[in-house]
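Data first, discussion second: the structure below is written as structure tokens.
Numbered from 1 within each chain, the chains take letters A, B, ... in sequence-line order. This structure is a prediction, so every number in the text was calculated from the model and none was measured.
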2 protein chains.
Amino acid sequence: MDKVFEALASTPRRKILAYLAEVDLTAGEIAARFDMSKPAISKHLQILENAGLVASEKRGQFVHYSLVRENLLNTLNGFVQRVCPVSTPLKRESAALRETRRSDPEE
Amino acid sequence: MDKVFEALASTPRRKILAYLAEVDLTAGEIAARFDMSKPAISKHLQILENAGLVASEKRGQFVHYSLVRENLLNTLNGFVQRVCPVSTPLKRESAALRETRRSDPEE
DNA sequence: TAAGCGATTAACTCATTAGTTAAATAGGAC
DNA sequence: GTCCTATTTAACTAATGAGTTAATCGCTTA
């Protein structure tokens, strides 16, 4: 959880997540979208992966990155629950996502 | 938004928010719950207030701090929307909270 | 096998953050 | 006014984070 919030604290990292929300990308494709060196992006990707927010898969010489939505939702949901115990915020979202994944042929 | 995620990146600050979710507290009462100096807590509170996550009110020599739920929910909601556009996560929560506040005699 | 490209690691710099103690500010009580 | 308490500000230190360039690793292909 600490790692997730730590990872989310950086604007470029949140931007990476936003890109990956649209489509899976290789490290190079991600780097091309930023005005920043590749090693810098590589480090950001490591942090995101270490936080469980993205997954990487090496295919040939490319490394493909994809978003891991579940951990993000669970973490934010858990925190919101603790701080705003008024109702049940992201529960429906998480449930909906799990449902989506279950019927998703990929992955 | 950057400020919010920045503020949430610190464990003690998230803990402060959790305390304030239960009850309003003075700066001293908050500091008493941590193994940390008062100036350190004061700085954390400033960061939280600057991010719009807490509000302070000086009453006599005490400064009372309270949680500002709306900004937290809106920010997290907005981000989740961008990254998980699958459905409508925190919208109901925000709506419910606004409803609560509207009919709340306090504040 | 040599060249080239994608990606990461290494080594380093610079700026920022988190914490400290000591001092200042401001209210309340005597 | 003087003292005491609550809180913040100032000044400083130590650790961490974000970025750089150069070097390395691994895969592809000619």
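For the pair B:Ser37 and C:dG19, the criterion of a side-chain N or O lying under 4.0 Å from OP1 or OP2 is not met. Contact check, B:His44 against C:dT17: no side-chain N or O comes under 4.0 Å of OP1 or OP2. Taking only side-chain nitrogens and oxygens, A:Thr26 never comes nearer than 4.0 Å to OP1 or OP2 of C:dG6.
Between the side chain of B:Lys43 and the base of C:dG19, a donor-acceptor pair under 3.5 Å is found. Judged by atom type and distance alone, A:Gln61 does not reach the base of D:dT28 through any side-chain donor-acceptor pair under 3.5 Å.
The side chain of B:Ala27 lies closest to D:dT7 when the candidates are D:dT7, C:dT21, C:dA26. For A:Arg13, whose side chain is taken as the heavy atoms from C-beta onward, the closest listed nucleotide among D:dA18, C:dA18, D:dT21 is D:dA18. When the nucleotides C:dA18, D:dT8, C:dT8 are ranked by their closest atom to the side chain of B:Ser10, C:dA18 comes out on top.
Within the 4.5 Å cutoff, the side chain of A:Leu25 has no heavy atoms near those of the A:Phe62 side chain.
In this structure, CD1 of A:Ile41 is placed 15 Å from P of C:dT9, rounded to the nearest angstrom. Rounded to a whole Å, the CD atom of A:Glu57 is 17 Å from the C1' atom of D:dG26. Regarding A:Leu45, its CG atom lies at a distance of 11 Å from the C1' atom of C:dT8, rounded to whole Å. As a whole-Å value, the separation of A:Asn50 CG from C:dT9 P is 12 Å. Rounded to whole Å, the distance from NZ on B:Lys38 to P on C:dA24 is 19 Å. Per the geometry, CE belonging to B:Met36 stands 16 Å off P belonging to C:dT17, to the nearest Å. Atom CZ in B:Arg59 sits roughly 15 Å away from atom C1' in D:dA6 (whole-Å rounding). What separates NZ of B:Lys3 from C1' of C:dT16 is a distance of 16 Å, to the nearest Å.
In this structure, B:His64 and A:Gly60 both approach DNA chain D, and ranking their closest nucleotides by distance from the 5' end singles out B:His64.
Among the heavy atoms of the strands lying under 4.0 Å from B:Tyr65 are primed sugar atoms or P, OP1, OP2 only; no base atom is included. Heavy atoms of B:Ala40 sit under 4.0 angstrom from at least one base atom.
Although no hydrogens or angles enter the test, the distance criterion places no donor-acceptor pair under 3.5 Å between the side chain of A:Asp2 and the main chain of B:Thr11. Of the possible donor and acceptor atoms, none in the side chain of B:Arg82 sits under 3.5 Å from a partner among the backbone N and O of A:Arg14. No donor-acceptor pair closer than 3.5 Å links the side chain of B:Ser42 to the backbone N or O of B:Lys38.
Note on A:Ile16: it does not cluster hydrophobically with A:Ile47, by side-chain heavy-atom contacts below 4.5 Å among ILVMFWY residues.
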